[in-house]
Amino acid sequence: MAVTRRNILSDANVRAQFGKAVNQLKQESSGRTTADFGVAGAAVDVSTYDLFVIWHYQTMMTLTPAGNSAGRNAAHRGSIFLPWHRVMLMLFESNLQRVLGDDTFGLPYWDWAKDGDSTAAKQKKSKVWAVDCMGGSGSPVKNGPFRFVAADPASFRVRIEADAFGRLRPVNRGLQRAFATSGIGTLPTSQSVKDALQLSPYDEAQWDADSDGFRNRVEGWSGGPDGEPWMHNRVHVWVGGDMGPGTSPNDPVFFMNHCNVDRIWESWMKKNGRIYKPTMTAPADLAGQRIDDPIASPDSTTTPRAVLDVSSVYVYDALP
């Protein structure tokens with residue numbers, strides 16, 4: 001039976017369960033260490049939660065195909081962006097269900113466009129940043145379920161990050177957020193979502209950060225005012241702090257951002273059909289992005305085609 005993914009602000013129990021489950025995954029050993037992922041220095045235990053941080057980062061470092069000059073990697077800057085993150089969200093959701101012992105729990109989404117319709121000042125005071133939801137900004141964040149308490153080793157801690165040379169390294173610090181401090185003062189709006197939903201096709205040549213079409217608009221390399229980051233990218237930049245680099249799953253709001261992006265994609269497919277480009281007739285220099293190419297995931301047989309219809313797994317309480 002499909003679970004229902006809900007707006008995190010619509011259900012207090014969903015908020016509480018999300019925070020509880022994330023912290024459980026943070027405390028749970030994955031049975032692997034940093035040495036297993038080529039991280040230099042003494043081997044440090046990797047939590048189940050931090051597997052997702054490492055997976056996301058390493059996938060960003062994997063060009064598809066290797067050596068391409070467009071910057072397409074196995075999860076971003078190309079057609080694979082939406083299918084790859086859909087697979088990641090489903091795996092994360094299944095782990096939340098497992099630690100909660102509740103197979104009816106659906107990963108919540110953050111409807112950032114609704115906040116984006118408010119003033120810049122009100123966006124920083126959205127209920128999503130309340131103590132009973134995601135907590136606020138800070139370096140470190142000191143309230144909410146992901147707050148840092150120096151004397152409490154069980155409090156939420158960032159345990160893996162990338163250094164200035166792009167190498168992963170173990171750390172032990174609090175979560176960092178810095179709203180609207182990187183030159184992006186506002187979130188995307190409901191109108192930006194409506195505009196994206198009018199775009200067709202799903203994607204097109206050059207199949208990268210310069211492409212026209214729905215995927216690139218939602219990913220956020222095109223369509224922003226004065227060339228600014230847009231939609232998904234804009235949310236990352238606006239939240240700032242740990243949402244900025246390739247290790248952005250360090251901030252649990254990462255998953256709610258991508259859940260909302262997935263919700264927008266689902267709405268687009270309801271209108272346009274469950275279609276994906278490029279197809280397998282595309283040249284080999286798009287390997288890793290085509291409809292039947294394996295997605296870089298723990299299940300290497302998953303393909304974009306396999307996740308175009310996931311209605312047997314989850315549905316959304318409402319589509320934009």
Which value, rounded to the nearest 0.5 Å, describes the distance between [X] atom [atom1] and [Y] atom [atom2]?
{"X": "Arg159", "Y": "Thr247", "atom1": "CZ", "atom2": "OG1", "result": "14.5 Å"}
{"X": "Asn216", "Y": "Ser211", "atom1": "CG", "atom2": "OG", "result": "5.5 Å"}
{"X": "Gln206", "Y": "Asp212", "atom1": "CD", "atom2": "CG", "result": "10.5 Å"}
{"X": "Ser155", "Y": "Lys26", "atom1": "OG", "atom2": "NZ", "result": "10.5 Å"}

Side chains of [X] and [Y] in contact at under 4.5 Å (non-hydrogen atoms):
{"X": "Val141", "Y": "Trp129", "value": "no"}
{"X": "Asn7", "Y": "Tyr109", "value": "yes"}
{"X": "Phe214", "Y": "Pro201", "value": "no"}
{"X": "Leu89", "Y": "Glu93", "value": "no"}
{"X": "Ser79", "Y": "Pro278", "value": "yes"}
{"X": "Trp230", "Y": "Pro225", "value": "yes"}
{"X": "Leu197", "Y": "Ile264", "value": "yes"}
{"X": "Gln176", "Y": "Val158", "value": "no"}

Do the side chain of [X] and the main chain of [Y] share a donor and acceptor less than 3.5 angstrom apart?
{"X": "Ser182", "Y": "Ile184", "answer": "no"}
{"X": "Asn272", "Y": "Trp268", "answer": "yes"}
{"X": "Gln97", "Y": "Phe105", "answer": "yes"}
{"X": "Asn68", "Y": "Thr64", "answer": "yes"}
{"X": "Arg157", "Y": "Ala150", "answer": "yes"}
{"X": "Arg15", "Y": "Leu9", "answer": "yes"}
{"X": "Arg234", "Y": "Glu228", "answer": "no"}
{"X": "Asn95", "Y": "Leu91", "answer": "yes"}
{"X": "Tyr57", "Y": "Ser248", "answer": "no"}
{"X": "Gln289", "Y": "Ile80", "answer": "yes"}

Please answer: with hydrophobic residues joined when any side-chain heavy atoms are less than 4.5 Å apart, are [X] and [Y] in the same cluster?
{"X": "Val171", "Y": "Phe148", "value": "no"}
{"X": "Met61", "Y": "Ile295", "value": "yes"}
{"X": "Leu319", "Y": "Val261", "value": "yes"}
{"X": "Leu82", "Y": "Ile275", "value": "yes"}
{"X": "Tyr49", "Y": "Phe18", "value": "yes"}

What about His258 and Phe254, are their ring centers closer than 6.0 Å?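 Ring centres of Phe254 and His258 closer than 6.0 Å.
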Would you say the rings of Tyr316 and Tyr314 are close, in the sense that their centroids are separated by under 6.0 Å?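 Between Tyr314 and Tyr316, the centre distance is under 6.0 Å.
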Strictly below 4.0 Å, N to O, side chains only: are [X] and [Y] in salt-bridge contact?
{"X": "Arg6", "Y": "Asp317", "answer": "no"}
{"X": "Arg77", "Y": "Glu219", "answer": "no"}
{"X": "Arg274", "Y": "Glu266", "answer": "yes"}
{"X": "Arg177", "Y": "Asp251", "answer": "yes"}
{"X": "Glu204", "Y": "Lys277", "answer": "no"}
{"X": "Asp111", "Y": "Arg263", "answer": "yes"}
{"X": "Lys127", "Y": "Asp115", "answer": "no"}

Test side-chain contact (heavy atoms from CB on, under 4.5 Å) on Cys259 and Trp110 and set out the steps. CA-CA 7 Å; Cys259 195; Trp110 167 31; over 6 Å; no
Quiz question: by atom type and distance under 3.5 Å, do the side chains of [X] and [Y] form a donor-acceptor pair?
{"X": "Thr62", "Y": "Asn73", "result": "no"}
{"X": "Ser190", "Y": "Asp117", "result": "yes"}
{"X": "Asp50", "Y": "Ser47", "result": "yes"}
{"X": "Trp221", "Y": "Asp210", "result": "no"}

Closest non-hydrogen atom pair between [X] and [Y], with its separation:
{"X": "Lys142", "Y": "Arg147", "answer": "C-CB, 3.4 Å"}
{"X": "Phe156", "Y": "Asn250", "answer": "CZ-O, 3.4 Å"}
{"X": "Pro188", "Y": "Val235", "answer": "CD-CG2, 3.8 Å"}
{"X": "Tyr276", "Y": "Pro83", "answer": "CE1-CG, 3.6 Å"}
{"X": "Asp103", "Y": "Val3", "answer": "O-CG1, 3.3 Å"}
{"X": "Thr59", "Y": "Ala296", "answer": "CG2-CB, 4.3 Å"}

How about [atom1] on [X], more than 12 heavy atoms from neighbouring residues, nucleotides or ligands closer than 6.0 Å, or not?
{"X": "Glu28", "atom1": "CD", "answer": "yes"}
{"X": "Met1", "atom1": "CE", "answer": "no"}
{"X": "Lys271", "atom1": "NZ", "answer": "yes"}

Between His56 and His76, what is the ring plane arrangement, given parallel below 30°, perpendicular above 60°, and tilted in between?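 Taking His76 first and then His56, their aromatic rings stand perpendicular (interplane angle over 60°).
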Between Val315 and Arg5, is a side-chain contact (heavy atoms from CB on, under 4.5 Å) present by the stated rule, with each step listed? CA-CA 6 Å; Val315 296; Arg5 292 182 175 179; over 6 Å; no
Between Phe92, Trp84, Phe37, which is the residue that forms a ring-ring contact (aromatic ring centres under 6.0 Å, His included) with Trp55?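 In the set Phe92, Trp84, Phe37, the residue that makes a ring-ring contact (aromatic ring centres under 6.0 Å, His included) with Trp55 is Trp84.
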Take His85 and Phe81 through the test ring pair (Phe, Tyr, Trp, His ring centres under 6.0 Å) and record every step on the way to the result. CA-CA 6 Å; His85 285 86; Phe81 171 72; 4.9 Å; yes
Verify side-chain contact (heavy atoms from CB on, under 4.5 Å) between Val99 and Leu25, making sure each step is shown before the conclusion. CA-CA 7 Å; Val99 296; Leu25 291 178; 3.6 Å; yes
Do Asp242 and Arg173 pass the side-chain contact (heavy atoms from CB on, under 4.5 Å) test, and can you show the C-alpha distance, the side-chain angles, and the key distance before you say yes or no? CA-CA 11 Å; Asp242 282 308; Arg173 61 170 175 80; 2.8 Å; yes
Looking at Arg290, Arg215, Arg217, which hits salt bridge (Lys or Arg N to Asp or Glu O under 4.0 Å) with Asp203?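 For Asp203, the salt bridge (Lys or Arg N to Asp or Glu O under 4.0 Å) test succeeds with only one of Arg290, Arg215, Arg217, which is Arg215.
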